[in-house]
Amino acid sequence: MELAELVGLRPVPGAGLLLTLTRRCPLSCAHCSTSSTMAGEEPDGSHLLRFLGTFTAEDRPELVMLTGGEPLLRPELAAECAATARAAGTRTALLSGMFFAREGRIPARILRAVTAADHFSASLDAFHEREVSRAEVFRAVHRVLDAGVPASFHLTGTGAGDPYLAEVTAAIRREFDDRVPMLVNEVRAVGRAAGWAAAGRTAAAADPDRALPCAMAAWPVVAFDGTVLACCNQQAVDRRPAPAHLRLGHIAEDDWATVRSRTLASPVLRLIRAVGPAHLYARYGPGAAPAGYCAGCRDLPGHPAVTAGAVRDGAGPVGELLDREAARIQYQAGPVELVGRHGCAAYAPLVDLPRTRPAAVGGGPR
Ligand code: SF4
């Protein structure tokens, strides 16, 4: 599975599940929004496997993304999660900070976890490079590709003008001959555990009348304590009690069918996905100006009039139709457009390099 397919599914409700294997991480990157250390919490492995075991061929996500912290601190569990998901037909992607690359080789138990997945993504940025060298990361990614697993880089910088991003993207293109795509994000209030998130949209605050769909409310997220949330915004993931409209359940009690049906049927989530929280305030609570796009969303329980308006309009067939149409339009627009809105727009085309498309595999036109 290539990066473009994976990112392309991001706006489709219930098409993916972000699963946090651990909050722990042996690296100490300065920008880590999950504040990961080796003392962080971890969800119970048996609960995770039980939850994945409730996938069926008829009702399952297309993709499970294993994140952390550093998911490869639990390599046996990562491999078991991938195998359990695959039994129902679900594919798996792994996102790693590459701590193991410092050993100069991939330890066997980690390679087993990597090859159990359908996609491998390596985090790389100026902060990571102080912990693990670029040469070590490149060597490890070559080994992943040699093992037959499609790979990508998840890069973070300060924005389009960041010289680091210009230099590292050029280096990756040279090193891997355009066979390893890249997802480029800007440093925001999210980290590698929320690999596909981008949550600091100021455009909505400047123009609240404009509908700005939130694709980040499409995939459920299993947090460090087993709580299942509707989005990967780190402050939403960490807040307890979780805002009621963002809490979908818990892996110890609920199954996938229940979590998916709550994702799809919630009137508030439907409208967040279709028009975004700033538009909800403009429509149902003029004067209750949100402090920001995601802050407004997290604070919805404190604005009952806005929530009541969203429940009223999102509950029926119109809400369902709006949600479905917003997802269809974003899916059809494709991964480059999505990253242009949610990531670093200047580098969005790198998510879908022509040489990683299926036609190129058989030697087709490039
Ligand atoms: S708008 Fe709400 S659902 Fe979307 S990323 Fe922000 S907090 Fe999450």
Side-chain angles (χ1 to χ4, degrees), residues 7 9-18 20 33-34 65 67 183 185-224 227-249 259-260 262-285 288-303 306-307 309-311 314 319 322-323 326-327 330 338-343:
V7 175
L9 288 169
R10 192 64 180 90
V12 181
L17 172 73
L18 286 156
T20 310
S33 74
T34 56
M65 178 116 197
T67 70
L183 177 69
N185 273 319
E186 296 174 12
V187 179
R188 290 177 177 151
V190 289
R192 63 177 180 274
W196 319 109
R201 284 170 286 193
T202 51
D207 181 11
D209 288 337
R210 197 179 134 219
L212 194 66
C214 178
M216 300 306 134
W219 290 7
V221 178
V222 177
F224 309 109
T227 304
V228 188
L229 295 137
C231 93
C232 57
N233 170 270
Q234 199 59 49
Q235 291 178 54
V237 168
D238 286 343
R239 187 184 283 192
R240 295 292 178 277
H245 65 294
L246 296 179
R247 191 183 190 281
L248 297 172
V259 165
R260 178 173 172 275
R262 288 175 184 156
T263 303
L264 299 184
S266 159
V268 178
L269 290 179
R270 281 177 180 171
L271 292 195
I272 287 171
R273 286 191 292 263
V275 298
H279 191 71
L280 296 185
Y281 279 90
R283 189 176 177 94
Y284 304 117
Y293 189 87
C294 288
C297 179
R298 291 191 301 270
D299 289 347
L300 273 176
H303 297 275
V306 180
T307 305
V311 168
L322 268 177
D323 188 19
Q330 292 177 85
L338 189 83
V339 177
R341 278 191 294 122
H342 288 272

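We count ligands from 1, going down the list as the structure has it; atoms in each ligand are counted the same way.
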message: Under 4.0 Å between a side-chain nitrogen and a carboxylate oxygen: does that hold for R239 and D299?
response: yes
As an exercise, identify every atom of ligand 1 less than 4.0 angstrom from a heavy atom of [X].
X: Y293; result: 1 (S)
X: M216; result: 5 (S)
X: C297; result: 1 (S), 2 (Fe), 3 (S), 7 (S)
X: A217; result: 3 (S)

message: Let's go through V221 and V228 carefully: what are the C-alpha distance in whole Å and the side-chain angles of both, what is the deciding distance for side chain to side chain contact (heavy atoms under 4.5 Å, CB included) to 0.1 Å, and is it a yes or a no?
response: CA-CA 5 Å; V221 178; V228 188; over 6 Å; no
Separation of T263 OG1 from W219 CH2 (nearest 0.5 Å):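 Output value for this atom pair is 13.0 Å.
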field: Separation of L300 CG from H303 NE2 (nearest 0.5 Å)
entry: 7.5 Å
message: Taking only non-hydrogen atoms of P277, do any sit less than 4.0 angstrom from ligand 1?
response: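 Under 4.0 Å: yes for P277.
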query: Has C231 got an N, O or S atom lying less than 2.8 Å from atom 6 (Fe) of ligand 1?
result: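 For C231, the answer is no, given that no N, O or S atom comes within less than 2.8 Å of atom 6 (Fe) of ligand 1.
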field: CA sep, side-chain torsions, deciding dist, call: Q330, R341, side-chain hydrogen bond (donor to acceptor under 3.5 Å, both in side chains)
entry: CA-CA 11 Å; Q330 292 177 85; R341 278 191 294 122; 2.8 Å; yes
message: Is the shortest side-chain heavy-atom distance between Y284 and L271 below 4.5 Å?
response: yes
- prompt: For ligand 1, does C214 get within less than 4.0 Å through its side chain, its backbone, both, or neither, judged by non-hydrogen atoms?
  reply: side chain
